[in-house]
Colleague: 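Following this message is one structure expressed as structure tokens.
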Protein chains: 2
Amino acid sequence: MSLIFSRQCEYALQAVLYLALKPLDDMTSIKELTKRLDIPYHFLAKILQDLTRKGLLSSLKGPTGGFGLGMPAKDITLFHIVEAIDGVEFMHNCVMGFPECSGKNPCAVHEKWANLRDGVYTMLVSKNIAEMAKNMRKPEYQSV
Amino acid sequence: MSLIFSRQCEYALQAVLYLALKPLDDMTSIKELTKRLDIPYHFLAKILQDLTRKGLLSSLKGPTGGFGLGMPAKDITLFHIVEAIDGVEFMHNCVMGFPECSGKNPCAVHEKWANLRDGVYTMLVSKNIAEMAKNMRKPEYQSV
DNA sequence: CTATATTAAGACTAAAATATCTGAATATTA
DNA sequence: TAATATTCAGATATTTTAGTCTTAATATAG
Ligand code: FES
Ligand code: FES
């Protein structure tokens with residue numbers, strides 16, 4: 001199977017975009033998130049804790065507690081999330097798996113891949129998550 | 001960790017490109033391939049057997065045996081290899097992991113991803129593996 | 001203060017991907 | 001025919017990723 005981002009990372013992207021639709025200090029429980037997004041409860045819990053440790057989210061215990069953005073949505077891009085979960089190695093790895101990726105010793109598709117990779121980067125940083133979230137037409141995100 | 005193709009698939013791409021540099025009926029042993037490409041012996045064996053069953057390669061037992069292309073290099077693209085190993089789901093999956101990927105209910109990056117995905121497809125089919133192999137400047141492939 | 005709802009943390013389990021091992025089948029060569 | 005070099009097939013092992021469970025900590029509301 002091929003995939004770009006790990007499952008964890010996909011869940012993180014989905015969850016943070018959901019939080020981006022809410023006011024900064026509004027806390028959202030894991031329960032609400034898993035219900036909306038159909039993500040395993042405890043798995044999502046770990047991911048969110050991870051993002052909290054890394055400062056992207058903030059959390060609060062107790063009733064009325066939950067998770068919220070750790071900084072204004074306008075300062076967060078999808079790239080921050082990918083970076084926090086999967087890391088950025090994909091930005092400098094050879095798509096064919098060769099140990100080196102550079103124009104010096106290019107593999108058969110290096111030029112094209114380098115372009116596409118830049119495109120992925122642009123895709124992840126071109127808008128902040130507030131704008132991103134608004135661009136979605138996913139039922140999971142309606143009437144938050 | 002993020003990656004596009006599975007490790008298996010990466011190995012397959014590397015190995016088939018190596019075979020593409022040889023005459024059609026010239027058999028190459030796993031030993032030679034693993035030595036050149038630094039791929040675990042038995043793992044590569046399984047991958048090549050898989051590709052053989054699927055017709056992309058041919059094999060011959062015994063001394064002077066080994067693996068070769070199953071059809072002329074000009075008829076094979078990288079996409080055929082990816083298709084055989086990883087499958088083509090990545091061509092219609094949402095990059096953020098949502099259950100549906102379509103313009104009807106687009107995720108935040110659907111348009112951009114759809115373009116990039118087409119770019120990946122083009123990258124994989126734009127040349128046959130004979131041309132691809134010649135474009136490589138990897139030391140692993142010199143003086144075959 | 002107490003009961004409750006929540007996150008935090010870490011151990012644990014399950015599944016998938018990656019890698020290794022072993023013996024059989026087969027073709028070549030001497 | 002015998003020895004050898006190879007692929008073939010399937011079992012096993014290891015590592016990584018995904019997912020679950022349990023207990024503790026903490027904040028709120030009554
Ligand atoms: S060398 Fe292969 S993508 Fe750069
Ligand atoms: S819906 Fe996400 S990439 Fe198409």
Side-chain angles (χ1 to χ4, degrees), chain A residues 1-16 19 25-35 37-70 82 84-87 89-90 97, chain B residues 1-16 19 25-35 37-70 82 84-87 89-90 97:
Chain A
M1 205 228 329
S2 4
L3 72 168
I4 313 299
F5 304 124
S6 69
R7 191 78 114 238
Q8 269 198 60
C9 191
E10 291 177 351
Y11 290 159
L13 291 168
Q14 294 178 20
V16 175
L19 297 179
D25 49 356
D26 190 352
M27 290 308 197
T28 306
S29 69
I30 303 176
K31 189 154 53 167
E32 177 179 342
L33 285 161
T34 60
K35 197 172 176 185
L37 300 171
D38 194 32
I39 299 174
Y41 186 96
H42 291 92
F43 196 27
L44 179 59
K46 283 180 48 169
I47 296 168
L48 297 180
Q49 284 158 24
D50 215 37
L51 292 172
T52 303
R53 266 183 244 109
K54 287 172 178 155
L56 281 175
L57 299 184
S58 70
S59 69
L60 186 67
K61 292 180 182 176
T64 78
F67 293 87
L69 297 182
V82 172
I85 302 291
D86 277 348
E89 310 90 49
F90 81 97
Chain B
M1 204 227 332
S2 8
L3 72 167
I4 313 298
F5 303 124
S6 69
R7 192 78 115 235
Q8 269 198 59
C9 191
E10 292 177 351
Y11 291 159
L13 292 168
Q14 294 179 19
V16 175
L19 296 178
D25 49 357
D26 190 351
M27 288 309 197
T28 305
S29 69
I30 302 175
K31 188 153 55 169
E32 177 179 342
L33 284 162
T34 60
K35 197 172 176 184
L37 301 173
D38 193 33
I39 300 174
Y41 187 96
H42 292 92
F43 196 28
L44 179 58
K46 283 179 49 168
I47 297 168
L48 297 180
Q49 284 157 22
D50 216 36
L51 292 173
T52 303
R53 266 183 243 108
K54 286 171 178 158
L56 281 175
L57 300 182
S58 69
S59 70
L60 188 66
K61 291 181 183 177
T64 78
F67 292 88
L69 297 182
V82 171
I85 302 291
D86 278 347
E89 309 91 48
F90 81 97

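What's counted below: heavy atoms across the whole structure, side chains too, no hydrogens, waters or symmetry copies.
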Colleague: If I compare all heavy atoms of B:L51 with all of B:A12, which pair ends up nearest, and what's the gap?
Modeller: CD1-CB, 4.0 Å

Colleague: Residues in side chain to side chain contact (heavy atoms under 4.5 Å, CB included) with B:T64, at least two apart?
Modeller: none

Colleague: Could I get the full list of ring-ring contact (aromatic ring centres under 6.0 Å, His included) partners for B:F43, not counting sequence neighbours?
Modeller: B:Y11

Colleague: Check step by step if side chain to side chain contact (heavy atoms under 4.5 Å, CB included) holds for A:L56 and A:L69.
Modeller: CA-CA 6 Å; A:L56 281 175; A:L69 297 182; over 6 Å; no

Colleague: Hey, is the side chain of B:K46 poking within less than 4.0 Å of OP1 or OP2 on C:dA19, counting only N and O atoms?
Modeller: no

Colleague: Could you state the atom-to-atom distance from NE2 of A:H42 to P of C:dA11 in whole Å?
Modeller: 16 Å

Colleague: To the nearest 0.5 angstrom, please state how far the CG atom of B:L57 sits from the CD1 atom of B:I47.
Modeller: 11.0 Å

Colleague: Should A:I39 and A:L33 count as side-chain neighbours, where that means a heavy-atom distance under 4.5 Å?
Modeller: no

Colleague: Summarise how protein sits on nucleotides 25-30 of chain C as a single string, 5' to 3': B when a protein heavy atom is under 4.0 Å from the base, S for sugar-phosphate-only contact, - for no contact.
Modeller: BBBBS-

Colleague: Using side chain to side chain contact (heavy atoms under 4.5 Å, CB included) as the criterion, list what pairs up with A:S58, not counting sequence neighbours.
Modeller: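 Result, side chain to side chain contact (heavy atoms under 4.5 Å, CB included) vs A:S58: A:M27.
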
Colleague: From the 5' end of DNA chain D to its 3' end, which nucleotides mark the outer limits of contact with chain A, defined by a 4.0 Å heavy-atom distance cut-off (strictly under)?
Modeller: D:dA18 to D:dT28

Colleague: For residues 40-52 of chain B, pull every pair meeting salt bridge (Lys or Arg N to Asp or Glu O under 4.0 Å), keeping only residues two or more places apart or in separate chains.
Modeller: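 Output for this query lists B:D50-B:R53, B:D50-B:K54.
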
Colleague: Does A:Q8 or B:I30 map to a spot on DNA chain D nearer the 5' end, using the closest nucleotide for each?
Modeller: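 The residue whose closest nucleotide sits nearer the 5' end is B:I30.
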
Colleague: If you compare every side-chain N and O of B:Y41 against the phosphate oxygens of C:dT18 (OP1, OP2), does one of them come in below 4.0 Å?
Modeller: no

Colleague: Would you kindly give the CG-to-C1' distance between A:L44 and C:dA8, to the nearest whole Å?
Modeller: 14 Å

Colleague: Kindly write out the residues that satisfy side chain to side chain contact (heavy atoms under 4.5 Å, CB included) with B:D38, not counting sequence neighbours, or none if the list is empty.
Modeller: none

Colleague: Heavy atoms within less than 4.0 Å of DNA chain C: which residues of residues 47-54 of chain A have one? Give them sorted by number.
Modeller: A:Q49, A:R53

Colleague: Check side chain to side chain contact (heavy atoms under 4.5 Å, CB included) between A:I30 and all other residues, then give those that pass, not counting sequence neighbours.
Modeller: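 Residues passing side chain to side chain contact (heavy atoms under 4.5 Å, CB included) with A:I30: A:T34, A:Y41, A:L44, A:A45, A:L48, A:F67.
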
